[in-house]
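The basis for the numbers below is simple: all heavy atoms, side chains too, and nothing from hydrogens, waters or symmetry mates. Sequence lines set the chain letters: A, B, ... in the order given, protein chains first and strands last, and positions in each chain run from 1.
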Amino acid sequence: MKTTLANFDKAFENRVRLQIMSILVANDNYDFNSLKELLEVTDGNLASHLKALEKEAYINVYKSFLGRKPNTSYAASEKGKIAFLKHLESLENLIKLQKT
Amino acid sequence: MEKQEIYSELHSIRNLMERSAKFISLSGLSGIMAGVYALIGAGIAYLLVYGQSLTMDYRENLLQEAELLWNLFFVALAVLILSIGTGILLTLRKANKNNQKVWNPISKKLLFSMLVPLLTGGLLILILFYRGYYGVIAPTCLIFYGLALVGASNFTFEDVKWLGLMELILGIFAALIPGYGLLFWTIGFGLLHIIYGTIMHFKYDK
């Protein structure tokens, strides 16, 4: 029981953060606006969750310009991918535990 | 955490991974329509080449009259434009219904991975046409289209890969058996599209 809870990641307690992470794990990178459209969240909400993930070093941020418009894209870091997989495992374990 | 909650969490993860990495608004109906256009086009082409005498054993027609060639070219072009037009229209409609944006990172990748082999193939076919290598045009169409589909299948439904592989096999056979280009072309672009479109329609559009 203890081992599963140890893997349970506080950074993913929030649903939007977990959702962001699942998109970034499934894709090489994703830009801010596409994330916003897919998750149907507000700019501020998304930005604050991205900041939190960045602080954990789970994601890398790339800023560039498309013409004159700033374009920010995000990619999952190696650390973030491992944390995400561990979190998924702990979710699985929780289900298994409740079955028995 | 409640079990139900974990399940819904896992479901949302799975759903997002799929929706973010795959373009799922391709419409099955557009496949069927493309097949129908191709069949009509092939019918017209057959009449143009072999005239009104509907015999299958006369295979030595030399395609040399310029007028006939241009007519065939325009038939093919019309089929292509109609198919792409219908495809875009129905995809836009389905994307609207799915609440998926048509222009997203995935559809861009999908389009790019299709356009590279299609434009290369298209140019090659124009060159072959210009040089008079008519016998290899149908297999070239099928092979490059097949390659485009296999490449694009990374960004959309798995089923597209199977359609692509079938087109590739047909293309190779068409190259092996020269003179039956129109027949293979009809199977590849007509029949296969209709079968594929019907499967997709009942699998995903329902």
Side-chain angles (χ1 to χ4, degrees), chain A residues 1 4-5 7-41 46 49 59 62 64 66 71-76 80-81 83-100, chain B residues 1-27 88 91-117 148-161 204:
Chain A
M1 194 69 186
T4 55
L5 282 179
N7 279 336
F8 205 82
D9 204 319
K10 276 264 190 274
F12 295 137
E13 237 175 6
N14 180 287
R15 187 163 202 169
V16 178
R17 278 181 221 165
L18 188 62
Q19 289 179 323
I20 293 171
M21 213 55 207
S22 27
I23 296 173
L24 294 183
V25 167
N27 295 275
D28 291 341
N29 58 66
Y30 233 69
D31 66 277
F32 188 90
N33 286 330
S34 307
L35 277 175
K36 197 178 80 180
E37 273 161 18
L38 209 56
L39 294 172
E40 292 169 338
V41 289
L46 180 59
H49 288 307
I59 59 174
Y62 302 97
S64 61
L66 273 181
N71 181 48
T72 315
S73 68
Y74 301 87
K81 280 179 193 165
F84 179 75
L85 288 180
K86 279 218 174 113
H87 186 78
L88 279 192
E89 253 169 48
S90 75
L91 285 180
E92 259 171 50
N93 284 336
L94 267 178
I95 291 176
K96 273 186 208 147
L97 275 178
Q98 282 177 349
K99 257 183 197 157
T100 49
Chain B
M1 232 199 264
E2 292 293 312
K3 198 170 172 180
Q4 212 50 46
E5 231 177 292
I6 300 173
Y7 275 124
S8 96
E9 198 102 325
L10 287 174
H11 178 76
S12 101
I13 291 171
R14 200 196 147 85
N15 179 287
L16 271 172
M17 285 179 126
E18 215 165 78
R19 261 201 313 157
S20 66
K22 297 206 179 273
F23 188 71
I24 51 163
S25 295
L26 288 184
S27 139
I88 291 174
T91 299
L92 284 176
R93 217 181 59 177
K94 194 178 163 193
N96 233 339
K97 221 170 72 183
N98 277 354
N99 246 332
Q100 194 183 26
K101 291 279 182 316
V102 182
W103 203 232
N104 61 25
I106 299 311
S107 64
K108 281 179 207 164
K109 282 184 201 161
L110 176 75
L111 208 65
F112 180 76
S113 67
M114 280 201 92
L115 279 181
V116 172
L149 289 178
V150 173
S153 69
N154 286 323
F155 306 109
T156 182
F157 302 110
E158 249 334 72
D159 314 55
V160 172
K161 186 166 73 197
Y204 300 107

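Of the N and O atoms on the side chains of B:Ser20 and A:Asn27, at least one donor lies less than 3.5 Å from an acceptor on the other residue.
Within the 4.5 angstrom heavy-atom criterion, only side-chain atoms of A:Asp31, from C-beta onward, approach chain B. In this structure, the portions of A:Gln19 lying under 4.5 Å from any heavy atom of chain B include both its backbone and its side chain. Residue B:Ile13 touches chain A through both its backbone and its side chain, counting heavy-atom pairs closer than 4.5 Å. Heavy atoms closer than 4.5 Å to chain B are found nowhere in A:Leu24, neither backbone nor side chain.
Taking the side chain as every heavy atom from C-beta outward, B:Leu149 and B:Met114 approach each other to under 4.5 Å.
For the salt bridge (charged side-chain N to carboxylate O under 4.0 Å, His left out) condition, the pairs that include at least one residue of residues 148-160 of chain B, sequence neighbours left out, are B:Glu158-B:Lys161, B:Asp159-B:Lys203.
Ring-plane geometry between A:Phe84 and A:Phe12 is classed as perpendicular, the angle between the planes exceeding 60 degrees on a 0 to 90 degree scale with a lower cut at 30.
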